[in-house]
2 protein chains.
Amino acid sequence: MFDNQKGSNLPVINSEMSEAEINRMMESACEASNFLKAISHEGRLMILCHLATGEKSVTELEQLLSARQAAVSQQLARLRSEGLVEPRRDGKTIYYSLTDRRAVQILDVVYELFCKKG
Amino acid sequence: MFDNQKGSNLPVINSEMSEAEINRMMESACEASNFLKAISHEGRLMILCHLATGEKSVTELEQLLSARQAAVSQQLARLRSEGLVEPRRDGKTIYYSLTDRRAVQILDVVYELFCKKG
DNA sequence: TCTACATATTCAAAGAAGCGTATATGTGAA
DNA sequence: TTCACATATACGCTTCTTTGAATATGTAGA
């Protein structure tokens, strides 16, 4: 039903692909699934959404998410280790901001698909 | 850095939002994260990619993924329960196809971001 | 220096996810 | 009906993820 004819730009995967091409594809799938795992967590998703409107301190995020300090900090650590966010220290507080355009692009689509529907 | 000024259509989340709006947003985030969890698995991601080129039988998918029957079947069950794929029986074999345009759209972006880069 | 505050890290416990083996279901053909 | 094939499900096991509690680090100010 929703296949390539319908405006998708997805690759055609066929049996003529070389082993090298298959391997590259598997690697990409692995990379992509790690990325998706990083953002497929309600709290982390909300953090990314909030950061999309500009940098926020950890305390601000705690309040916005009604979550505990340790939890938010851990979620930020995960996002940091995936290279999706970046800390900036100003005195005692640390501000986080998005660093990865991929996060923004996916977020855009996700928002479009899950938040704008009736 | 990557905030709304940069072409993103993400919502501005501010303190003037009503509680109802916040709740709706939390619900959407939950729904979205379930969806993302469903596709953030290397095997399921590959299944979706393969189905993007047209329907495939379970046996075909087993071969394409070099995975065992039970594993593929379980992954399909998960995708089915999320409403992302749909089975069609023809005799003894069952063909799966994509049913959710959201999967295709996300896949498109993911492919763009993870497979087309240098 | 000591204290308070903001954030990070560690670690154990709880929970969820994925996998393999075995078994069940459904279908067509003999 | 019986058999073989395609697929699905159940169950136990292992591994990954998330969380809370406690503790550590880093910074500013007294």
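First the proteins, then the strands, lettered A, B, ... as listed; each starts at 1.
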What integer distance in Å separates [X]:[atom1] from [N]:[atom2]?
| X | N | atom1 | atom2 | answer |
| --- | --- | --- | --- | --- |
| B:E42 | C:dG18 | CD | C1' | 13 Å |
| B:L79 | D:dT9 | CG | P | 13 Å |
| A:L36 | D:dT17 | CG | P | 14 Å |
| B:I47 | D:dT7 | CD1 | P | 12 Å |
| B:L76 | C:dC19 | CG | C1' | 15 Å |
| A:I39 | D:dT17 | CD1 | P | 15 Å |
| B:E62 | D:dT7 | CD | C1' | 8 Å |
| B:N34 | C:dA16 | CG | P | 12 Å |

For [X], side chain to side chain donor-acceptor pair (under 3.5 Å) partners two or more places apart:
| X | result |
| --- | --- |
| A:Q105 | A:R101 |
| B:R80 | B:Y96 |
| A:S57 | A:E60 |

If a pair satisfies salt bridge (charged side-chain N to carboxylate O under 4.0 Å, His left out) and one of its residues is in [range], list it, with sequence neighbours excluded.
| range | result |
| --- | --- |
| residues 68-78 of chain B | B:R78-B:E82 |
| residues 33-42 of chain B | none |
| residues 43-53 of chain B | none |
| residues 87-99 of chain A | A:E55-A:R88 |

Difference in axis direction between the ends of the helix from C:dT1-D:dA30 to C:dA30-D:dT1, five pairs, 10°: 10°

Per-nucleotide protein contact string for nucleotides 24-30 of chain C, where B marks a base within reach and S marks sugar-phosphate only (heavy atoms under 4.0 Å, - for neither): --SBS--

Any B:I47 side-chain heavy atom under 4.5 Å of B:K56 side chain: no

A:L98 and A:L84, any side-chain heavy atoms less than 4.5 Å apart: no

Touch class at under 4.0 angstrom, heavy-atom based, for B:T93 against every strand present: sugar-phosphate

Qualifying residues under ring-ring contact (aromatic ring centres under 6.0 Å, His included), relative to A:Y95, sequence neighbours excluded: none

N/O (side chain, A:Y96) to phosphate O (OP1/OP2, C:dA8) under 4.0 Å: yes

What's touching nucleotides 18-23 of chain D from the protein side, N or O pairs under 3.5 Å?
{"from": "D:dT18", "atom 1": "OP1", "to": "A:R44", "atom 2": "NH2", "distance (Å)": "3.2"}
{"from": "D:dT18", "atom 1": "OP2", "to": "A:R44", "atom 2": "NH1", "distance (Å)": "3.3"}
{"from": "D:dT19", "atom 1": "OP2", "to": "A:Q75", "atom 2": "OE1", "distance (Å)": "3.4"}
{"from": "D:dG20", "atom 1": "O6", "to": "A:Q74", "atom 2": "OE1", "distance (Å)": "3.0"}
{"from": "D:dA21", "atom 1": "OP2", "to": "A:R68", "atom 2": "NH1", "distance (Å)": "3.1"}

Partner residues of B:E27 under the salt bridge (charged side-chain N to carboxylate O under 4.0 Å, His left out) criterion, sequence neighbours left out: none

